[in-house]
**Student:** 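Have a look at this one.
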Amino acid sequence: NVVGVVGGAPQEALLRELGVTPVNYRVADLGAAIGAACPAGVDLFIDNVGGTVHDAVMERLNVHARAVLVGTIADYTRPPGEQEQARHDL
């Protein structure tokens, strides 16, 4: 099962056309949405975003899962120094 995290209805529709299960990151409980889409946990995580998406998925990684951390787009607009602090504040 392939799951893609998106931010709106058009992207959700596109993923469904491609046979991918969409999860909208703008839902109230992102962790629950990811858990519902991945009831057996996550075996492979490719992360371009970081932030709350990263945190929600990391809590659901299976033992021996693989995580490819490519970027942290969620932190790009934060001033220098706040990116690392935000990670510790969780």
Side-chain angles (χ1 to χ4, degrees):
N1 182 33
V2 177
V3 175
V5 179
V6 296
Q11 296 90 349
E12 289 179 41
L14 176 61
L15 289 185
R16 282 190 189 95
E17 285 180 31
L18 297 171
V20 175
T21 302
V23 169
N24 190 324
Y25 70 84
R26 296 177 184 191
V27 297
D29 189 345
L30 179 58
I34 292 171
C38 307
V42 176
D43 292 317
L44 173 63
F45 175 43
I46 301 173
D47 184 10
N48 293 316
V49 179
T52 57
V53 173
H54 169 90
D55 299 336
V57 173
M58 294 301 279
E59 292 178 7
R60 287 153 183 84
L61 285 180
N62 289 324
V63 174
H64 303 296
R66 303 294 192 261
V68 180
L69 307 177
V70 179
T72 56
I73 294 169
D75 285 337
Y76 287 177
T77 58
R78 288 192 175 140
E82 284 187 23
Q83 293 129 354
E84 186 62 27
Q85 185 59 44
R87 207 45 63 217
H88 292 292
D89 290 344
L90 295 174

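In this chain, residues are counted from 1 in sequence order.
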**Student:** Could you see if Val20 belongs to whatever hydrophobic cluster contains Leu44? Use Ile, Leu, Val, Met, Phe, Trp, Tyr and a side-chain cutoff under 4.5 Å.
**Tutor:** no

**Student:** Is there side-chain contact between Leu30 and Val23, with heavy atoms separated by less than 4.5 Å?
**Tutor:** yes

**Student:** Side-chain contact, heavy-atom cut-off 4.5 Å: Ile34 with Val57?
**Tutor:** yes

**Student:** Is Ile46 reachable from Val2 through a run of hydrophobic residues whose side-chain heavy atoms are each under 4.5 Å from the next?
**Tutor:** no

**Student:** Pairs in or reaching into residues 1-11: which pass side chain to side chain donor-acceptor pair (under 3.5 Å), with residues at least two apart or in two chains?
**Tutor:**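 Residue pairs passing side chain to side chain donor-acceptor pair (under 3.5 Å), neighbours aside: Asn1-Thr21.
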
**Student:** What is the minimum heavy-atom distance between Val6 and Pro22, and which atoms define it?
**Tutor:**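 Shortest heavy-atom separation between Val6 and Pro22 comes out as CG2-CB, 4.4 Å.
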
**Student:** Would Val27 and Leu15 show up in the same hydrophobic cluster when neighbours are defined by side-chain heavy atoms closer than 4.5 Å?
**Tutor:** no

**Student:** According to a hydrophobic-cluster definition based on side-chain heavy atoms being under 4.5 Å apart (Ile, Leu, Val, Met, Phe, Trp, Tyr only), do Val42 and Tyr25 belong together?
**Tutor:**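 Looking at the clustering, Tyr25 is in the same group as Val42.
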
**Student:** Would you say that Phe45 contacts Arg60 through its side chain, given a criterion of any heavy-atom pair below 4.5 Å between the two side chains?
**Tutor:**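 The answer is no; the side chains never approach within 4.5 Å.
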
**Student:** Can you name the closest pair of heavy atoms from Arg66 and His64 and give their distance?
**Tutor:**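 It is NH1-O, 2.8 Å.
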
